[in-house]
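Structure, as structure tokens:
We count ligands from 1, going down the list as the structure has it; atoms in each ligand are counted the same way. We count residues from 1, following the sequence as given.
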Amino acid sequence: MKETFKPKYELTMYNSLTREKQVFQSLIAGRVGMYVCGPTVYNEVHLGNCRTFVSFDLIYRYLLFLGYKIRYVRNITDVGHLVGDVDTGEEGKIAKQARLEQLEPMEVVQKYTNLFKSVLGQLNNLPPSIEPTATGHIIEQIEMVQQILDNGYGYETNGSVYFDTQKLITEEDIYGNLSGKKQDDLLTETRDDLKNQSEKRHASDFAIWIKAGEHDIMKWSSPWSVGFPGWHLECSAMSTKYLGKEFDIHGGGMDLQFPHHENEIAQNVGACGCQPVRYWMHTNMLELNGKKMSKSTGNSILPAELFAGSNAILSKAYSPMAVRFFMLQAHYRSVLNITEKGLADAEKAYTKLLEAYHTLQQLKHTGEAQPTEDDDQINKLLDMAFDAMNDDFNTAMALAKLNVIIPKIKALHKGRLAITAISEATLDRMKEVFHTFIFDIFGLVDEAGANTASDSTGGDTSNLVDEVMQVVLQLRQAAKDQKDWTTSDLIRDQLQAIGVTVKDGKEGATWSKKD
Ligand SMILES: [Zn+2]
């Protein structure tokens with residue numbers, strides 16, 4: 001039986017391969033296969049990478065909202081370009097970190113994988129459906145190298161195997177399209193170490209299997225040599241394994257377009273004979289104070305330092321939700337510049353949005369509605385928030401539209417705008433849409449709500465006001481018992497001043513608060 005599926009809205013997204021916005025159509029109705037290049041786990045995750053993963057979390061969440069069933073695969077790179085230099089015997093990054101920290105290489109991998117997941121958890125990212133590791137898929141990678149060789153797209157030299165880019169460049173016009181590299185540039189490209197130049201037939205060729213040197217710790221047997229896979233191969237092998245030869249969305253940071261993603265396409269075409277990805281998506285860079293983040297120049301900050309306020313670049317700590325909010329204020333394809341002012345503004349705007357949300361949920365419709373133009377305006381703004389998301393996931397624009405509604409929520413709350421100026425259906429829709437956007441689509445957590453929901457002893461504080469008022473009334477009764485009318489009147493009058501009315505009855509005093 002043919003599956004019928006209609007997403008909640010039609011979605012348009014920018015495809016880096018065709019360089020235009022396209023209406024999204026999944027290969028299988030109602031289902032989406034999405035692959036995002038994951039972290040390399042030999043040190044703490046960079047804030048720039050966090051932005052990429054938050055961006056794809058927003059994309060993932062919006063696709064879920066539209067009603068798709070999604071298989072979201074994000075790999076963990078624990079081998080590949082992290083291994084040492086074959087000829088010079090220079091240590092790989094994982095091996096070096098293992099020596100520095102006196103850990104096993106796999107302990108290093110585990111430690112930074114745990115830290116990575118913890119940071120993304122704090123930023124409230126949803127976990128992917130599958131998180132495969134490169135070392136767990138060596139067999140699949142060896143099989144892919146063999147397929148590439150069998151199909152005539154690779155050659156072996158001294159135990160290493162290279163991808164032959166010539167056919168793709170000159171005959172099939174496939175290599176270079178994603179990154180926009182010209183043929184001439186590719187033919188003179190020398191990305192790989194010079195040591196390999198004698199083994200490679202053309203400058204643009206790249207290694208898919210590398211013969212290990214005696215210093216390499218992470219190495220495996222293969223038909224060609226004891227070695228390890230080239231650093232682009234894992235993504236081709238794992239995306240094919242879990243999403244098929246052809247799948248819907250492949251994402252990553254813009255810096256991965258070349259050579260990583262270009263080489264992925266080449267490998268997939270070489271092994272499977274078809275373009276693997278229908279929509280390529282790339283997120284833009286994150287800058288700090290207008291400059292590229294770089295550890296060596298000191299213009300850099302780690303997520304943990306940002307959350308703890310322990311870096312001299314910033315004067316205070318910013319919570320994970322302030323940071324997440326800051327990120328969703330920009331479109332994923334724009335450069336985002338982190339500044340102290342930007343973070344402080346985001347913190348305020350985040351609080352304002354959550355406060356408006358709580359106020360909105362308290363509003364009740366009474367009386368007969370006589371909808372005015374405000375009703376119409378609110379509905380249009382809600383529509384526009386969805387339009388923005390449907391136009392290449394424009395979270396910044398969607399947020400701006402919701403922000404325009406906030407003063408209206410305040411006016412309704414204060415009575416400056418009569419509740420009858422909007423229909424009950426509009427009020428219900430506002431409540432629902434704000435909830436959906438804030439928690440489901442933007443993936444925000446109510447940090448203040450989470451803090452006030454429990455006190456330091458871990459107990460519920462929702463009854464705290466009642467309990468404190470009982471103490472106050474007992475003190476007043478004690479004053480009255482001693483005929484200390486000055487104190488008892490003072491308590492009553494001070495409470496009245498903050499809107500709390502005390503009534504003396506036969507059963508004792510009661511209190512009420514007017515809004
Ligand atoms: Zn990748």
Tell me if the centroids of the rings in [X] and [Y] come within less than 6.0 Å of each other.
X	Y	result
Phe65	Phe386	yes
Tyr72	Tyr60	yes
Tyr68	Phe5	yes
His46	Phe116	no

The protein N, O or S atoms lying under 2.8 Å from the Zn ion (ligand 1) are Cys37 SG, Cys235 SG, His260 NE2
For residues 287-294, which side-chain N or O atoms pair as donor and acceptor with protein atoms under 3.5 Å away, sequence neighbours left out?
{"residue": "Ser294", "atom": "OG", "partner": "Ser296", "partner atom": "N", "Å": "3.3"}
{"residue": "Ser294", "atom": "OG", "partner": "Ser296", "partner atom": "OG", "Å": "3.0"}
{"residue": "Ser294", "atom": "OG", "partner": "Thr297", "partner atom": "N", "Å": "3.4"}

With side chain to side chain contact (heavy atoms under 4.5 Å, CB included) as the test, would you mind laying out the steps for Asp78 and Thr113 before giving the verdict? CA-CA 9 Å; Asp78 55 355; Thr113 301; over 6 Å; no
